[in-house]
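Just so you know, these numbers come straight off a predicted model, no measurement behind them. Counting starts at 1 for both ligands and their atoms, in listed order.
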Amino acid sequence: MTRPDNHVIVLFGASGDLARRKLLPGLYHLAAAGLLPDGYRIVGSSRAKSALSDDAFRALAHDAVTTFGRSEPSGPAWQSFADSLSYGAADAQDPGPLLAAIRAAEDSLGGRPSRLFHLAIPPPAFASTIGMLGDTNLAENGKVIVEKPFGTDLASAQALNETIHAVFDESRVFRIDHFLGKESVDNILAFRFANGLFEPIWNRDHISYVQIDVPETLGLEGRAHFYEGTGAFRDMIVTHLIQVLGIVAMEPPVSLAAQPLQDEKAKVFEALRPIDPGQVVRGQYEGYRDEAGVAPDSQTETFTALRLEVDNWRWAGVPFHLRSGKNLAQGREVITLGLREPPLRMFRTDPAQQDAYQGNKIVIDFKDPGWIAATFLAKEPGPTMRLGPATMTFRYGGSFCQKHGLEGYERLILDAMLGDRSLFTGSDGIEHIWAASALLLENPPPLKPYTPGSWGPEPAIDELVAPHQWYLPDANKDRP
Ligand code: BG6
């Protein structure tokens, strides 16, 4: 496979939560797997007040890889990775230390390596950092990865797009959503468009509802500062869940190149009916306001469930149920497509199984390593024609060699180095999503409390999707 040309990767927010949890372990995994360029350097950066020495940055990276990584930080692979790390702080008024660190990194590689800037910083800092990259000419020969959430509403997303485009042309902008880098999300394209089996039923004639469900058991994890100003809708729904919806709902692209893929997703987002606040449940878990860094009267939602409509030929009238929240009963990432009933009921079903069975479904679990199941009815053995629920399952874990699997961030950082924007988001797509969210952002429904460890505020969440039901294969029992 193609390897990227030589790179200096600049990690803004290098000591933050995202860098520790995902980016440093991910970069190390890429290095250990031999997927980084022959010549690379990683320069960590932050504001001067939280600057680190090179050695302290190496120690932080070692700790991050030990705690969150998949590859052991030891031996020659670690040594060479650690040698590639350096640090340079940058304030808007004084980018000097960063400039010096980048210059040293480039000199050590020789030639004219590409630059990749990863903005793993809070959204309010995006504009000033991009301005600084423009003012210092660092943006020259560079690409930029911009983290989510991209803006907080339509106006701020448009303003951010303008700020970015003043410095980087669109072909060098990588708006990242790590869910799109997950193997099982990417596999939806293969599942739909490489097979004759599923795509013919992938429409309103056969599908009665689509559910995209990402409950999390995680709480705040010390991120109150970020989360208070963000909330579940901006942290998860407008970003990850609606992006996944884009892949599930899109028309076949003319090719898998970046532009056709982004165009098809953007058309889905353009067809989103403006979100009706009456079709949204906003929740906050009990005890949230007692967390360190949270305002005692905080109105931030830690849970959102909503019903969306995609007003186009394929999906008109099919509800899309989306749910995500913190401190819920399970951590899952599941898409369910509920199929319509056949026109005639000729069979008796087992009354004891009636509740467990709610019609044929295609279930895509995209939490790594992921699986796909189709549930259907089958004849129970015996002298009578009585039916019971059955499942056909494909498991990623047991079906392919996992050795080459990459996590979302790993795949996307590699793609960004290669200049491949297929799995990134275009500016128009994001603006359509914010436009559809405007009514809700202006009139958010009141918060409903929920008990930590539950599925969210009841009975509101059940009423939201009636006559359908939330479907989650039981993690311990039914999970294939
Ligand atoms: C991040 C959100 O983007 O995604 C977090 O900011 C969330 O709040 C996380 O926990 C979930 O991603 P993953 O891949 O760890 O399931």
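Close approach of ligand 1 to H240 (heavy-atom distance below 4.0 Å) involves ligand atoms 1 (C), 3 (O), 4 (O). Ligand-side atoms of ligand 1 in range of K148: 1 (C), 2 (C), 3 (O), 6 (O), range being under 4.0 angstrom from any heavy atom. Every atom of ligand 1 is numbered from 1 in the order shown, and the set under 4.0 Å from a heavy atom of R223 is 2 (C), 5 (C), 6 (O), 8 (O). Atoms of ligand 1 found under 4.0 Å from any heavy atom of D235 (numbered from 1 in listed order, with element): 2 (C), 5 (C), 6 (O), 8 (O). For ligand 1, the atoms lying closer than 4.0 Å to a non-hydrogen atom of H178 are 1 (C), 3 (O), 4 (O), 12 (O), 13 (P), 14 (O). Ligand 1 places these atoms under 4.0 Å from at least one heavy atom of K182: 13 (P), 14 (O), 16 (O).
Remark: K182 is positioned above the aromatic ring of F179, its terminal NZ or CZ atom under 6.0 angstrom from the ring centre and at most 45 degrees off the axis. Cation-pi geometry between K361 and Y471 is met: under 6.0 angstrom from the ring centre, within 45 degrees of the axis.
A ring-ring contact (aromatic ring centres under 6.0 Å, His included) check over residues 417-436, counting only residues at least two apart or in different chains, returns the pairs F174-F424.
Of the polar atoms of K367, none of the N or O atoms is found under 3.5 Å from an N or O of ligand 1, judged by distance alone. By the 3.5 Å distance cut-off applied to N or O atoms, K326 is counted among the residues near ligand 1.
Nearest protein neighbour of atom 9 (C) of ligand 1, counting heavy atoms only, is E216 OE2, 4.0 Å.
Using a 4.0 Å cut-off between heavy atoms, K22 contacts ligand 1 through its side chain alone, with no backbone atom that close. Residue F179 touches ligand 1 through its side chain alone, judged by heavy-atom distances below 4.0 Å.
For the residue pair Q243 / K265, a side-chain donor-acceptor distance below 3.5 Å is found, with atom types taken as modelled. No side-chain N or O of S324 forms a donor-acceptor pair with one of E216 less than 3.5 Å apart.
Aromatic pair W455/Y450: centroids not less than 6.0 angstrom apart. Taking the six-membered ring where the residue is Trp, the centroids of F320 and Y209 are separated by 6.0 Å or more.
Residue-ligand proximity: R21 is placed with every non-hydrogen atom at 4.0 Å or more from ligand 1. A heavy-atom separation below 4.0 Å is found between E333 and ligand 1.
Between K267 and E264 there is a salt bridge, since a side-chain N of the basic residue sits under 4.0 Å from a carboxylate O of the acidic one.
By the 30° and 60° cut-offs, the orientation of the rings of F394 relative to Y396 is perpendicular.
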